[in-house]
2 protein chains.
Amino acid sequence: MSDAPDVFGALADPTRRALLERLSAGDGATATELATGLPITRQAVAKHLSVLAGAGLVDARRQGREMRYRPTPAPLGDAVAWMTGIGAEWDERLAALARTVQRRRA
Amino acid sequence: MSDAPDVFGALADPTRRALLERLSAGDGATATELATGLPITRQAVAKHLSVLAGAGLVDARRQGREMRYRPTPAPLGDAVAWMTGIGAEWDERLAALARTVQRRRA
DNA sequence: AGCATCTGCAACCTCCTAGTTGCGCGTTTG
DNA sequence: CAAACGCGCAACTAGGAGGTTGCAGATGCT
């Protein structure tokens with residue numbers, strides 16, 4: 001759909017954020033599992049998971065006839081780094097976070 | 001356009017991120033100022049600024065016949081908190097950030 | 001006053017996105 | 001083997017987002 005690793009674009013949709021929350025709560029899940037409990041179809045969930053995978057936020061792994069998705073929060077670190085960079089000179093709290101990110105990403 | 005304070009939705013557009021970067025670089029700017037140097041019209045920039053304002057990321061202040069925009073990065077803190085909450089149990093680096101956020105927001 | 005800016009509002013267009021349905025293929029299980 | 005389950009792909013539709021043009025209302029400068 002688009003393989004640009006746009007993390008913010010992937011997080012823009014509330015459904016995708018809900019999916020990430022569910023994934024991080026348990027030990028991964030399949031598309032059909034996630035679809036039960038959401039008011040959308042399995043294919044819609046699969047599309048969202050595809051977008052998340054394109055952004056590098058989830059990792060798809062085949063297990064037999066199932067497709068298990070697990071969250072890979074590494075890109076979140078980049079997004080956090082960008083945000084702290086923006087707000088560094090305007091907000092002391094974010095500036096402190098920026099320093100932490102800088103130190104840990106080195 | 002929508003007054004829902006969707007921070008991620010506001011940050012999804014590359015143009016809006018560029019606007020935020022420019023705003024945080026200087027001491028605020030007007031829509032016409034920002035439009036020069038971008039390949040879009042002033043009205044498009046104004047719309048983007050309106051979205052950013054709806055998300056609480058910029059503050060619009062009238063100065064005579066000008067409209068000066070300044071960044072207000074407070075919502076970025078919430079976004080960072082959400083991200084760290086997601087990745088906390090999957091990534092040690094983000095867990096550390098989560099602790100920092102928790103401590104500073106109390 | 002008169003003109004040049006700067007802004008905001010409204011209508012319009014185009015394209016992408018979220019969602020649906022339908023179908024075919026691989027993988028279990030009885 | 002055959003039936004059932006899970007998945008992916010393709011076509012289609014509706015609605016929203018980004019962008020443009022045009023115009024009217026304030027404000028500043030000479």
Side-chain angles (χ1 to χ4, degrees), chain A residues 1-23 26-71, chain B residues 1-23 26-71 75 79:
Chain A
M1 197 165 289
S2 90
D3 50 2
D6 191 344
V7 182
F8 290 110
L11 294 179
D13 192 277
T15 304
R16 280 195 286 267
R17 279 186 303 240
L19 287 178
L20 261 193
E21 286 177 0
R22 288 212 187 185
L23 282 180
D27 190 29
T30 68
T32 37
E33 265 179 34
L34 292 166
T36 68
L38 286 185
I40 56 178
T41 58
R42 171 188 63 89
Q43 286 86 343
V45 174
K47 273 193 190 179
H48 283 302
L49 288 172
S50 162
V51 173
L52 289 172
L57 285 166
V58 299
D59 175 62
R61 202 132 95 188
R62 175 148 232 124
Q63 272 188 0
R65 73 176 157 183
E66 282 187 350
M67 195 67 162
R68 203 123 211 119
Y69 291 90
R70 309 187 59 190
Chain B
M1 197 163 290
S2 93
D3 49 3
D6 192 345
V7 182
F8 290 111
L11 294 179
D13 193 275
T15 305
R16 280 197 286 268
R17 273 177 302 205
L19 287 177
L20 262 193
E21 286 178 0
R22 287 211 187 184
L23 282 180
D27 190 29
T30 69
T32 37
E33 265 179 35
L34 293 166
T36 68
L38 286 185
I40 56 177
T41 59
R42 171 188 64 88
Q43 288 86 342
V45 174
K47 274 193 190 180
H48 283 303
L49 288 173
S50 164
V51 173
L52 289 173
L57 284 165
V58 300
D59 174 63
R61 201 132 96 189
R62 173 146 233 126
Q63 271 189 1
R65 74 173 156 182
E66 283 187 348
M67 196 67 162
R68 204 121 211 120
Y69 292 89
R70 308 186 61 188

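Hydrogens, waters and symmetry mates play no part in the numbers below; they use all other heavy atoms, side chains included. First the proteins, then the strands, lettered A, B, ... as listed; each starts at 1. It should be emphasised that the depicted structure is a prediction, and the values quoted were computed from it without experimental measurement.
Regarding B:L38, its CG atom lies at a distance of 14 Å from the P atom of D:dG18, rounded to whole Å. The distance between atom NZ of B:K47 and atom P of C:dG8, rounded to the nearest whole Å, is 14 Å. Between the CG atom of B:L49 and the P atom of D:dG19 there is a distance of 12 Å, rounded to whole Å. The CD-C1' distance, from A:Q43 to C:dA18, rounds to 13 Å in whole Å. To the nearest angstrom, P of D:dG19 lies 5 Å from CD1 of B:I40. Taking atom CZ of residue B:F8 and atom C1' of nucleotide C:dT17, one finds them 19 Å apart after rounding to whole Å. We find that CG of B:L52 is positioned 10 Å from P of D:dG18, with the value rounded to whole Å. Atom CG of B:L34 and atom C1' of C:dT7 are 14 Å apart (whole Å).
Note on A:T15: every side-chain N or O is 4.0 Å or more away from OP1 and OP2 of C:dA18. In this model, the phosphate group of C:dT17 is not approached by any side-chain N or O of A:H48 to a distance below 4.0 Å at OP1 or OP2. For the pair B:R16 and D:dG18, the criterion of a side-chain N or O lying under 4.0 Å from OP1 or OP2 is met. At the phosphate of C:dT20, OP1 or OP2 sits under 4.0 Å from a side-chain N or O atom of A:T41. Distances shown here put every side-chain N or O of B:T30 at or beyond 4.0 Å from the OP1 or OP2 atom of C:dC6.
The backbone N or O of B:A10 lies less than 3.5 Å from a partner atom in the side chain of B:R16, making a donor-acceptor pair. In terms of modelled atom types and a separation under 3.5 Å, the side chain of A:R62 and the main chain of A:G64 share a donor-acceptor contact.
Side-chain to base pairing of B:R42 with C:dG8: one donor and one acceptor N or O lie within less than 3.5 Å of each other. Side-chain to base pairing of A:R65 with D:dC5: one donor and one acceptor N or O lie within less than 3.5 Å of each other.
The two residues A:A12 and B:A12 come nearest to each other via the heavy atoms CB-CB, 3.7 Å.
Residues A:G64 and A:G9 each lie close to DNA chain C; by heavy-atom proximity, the contact nearer the 5' end of the strand is made by A:G9.
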CA sep, side-chain torsions, deciding dist, call: A:D6, B:R17, salt bridge (charged side-chain N to carboxylate O under 4.0 Å, His left out): CA-CA 12 Å; A:D6 191 344; B:R17 273 177 302 205; 3.3 Å; yes

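At the heavy-atom level, B:P39 lies under 4.0 Å from the strands shown only through sugar-phosphate atoms.
Taking a cutoff of 4.0 Å between a charged side-chain nitrogen and a carboxylate oxygen, B:D27 and B:R70 qualify as a salt bridge.
Distances were taken from every side-chain heavy atom of A:D13 (C-beta onward) to each of C:dT7, C:dA18, C:dG19; the shortest belongs to C:dA18.
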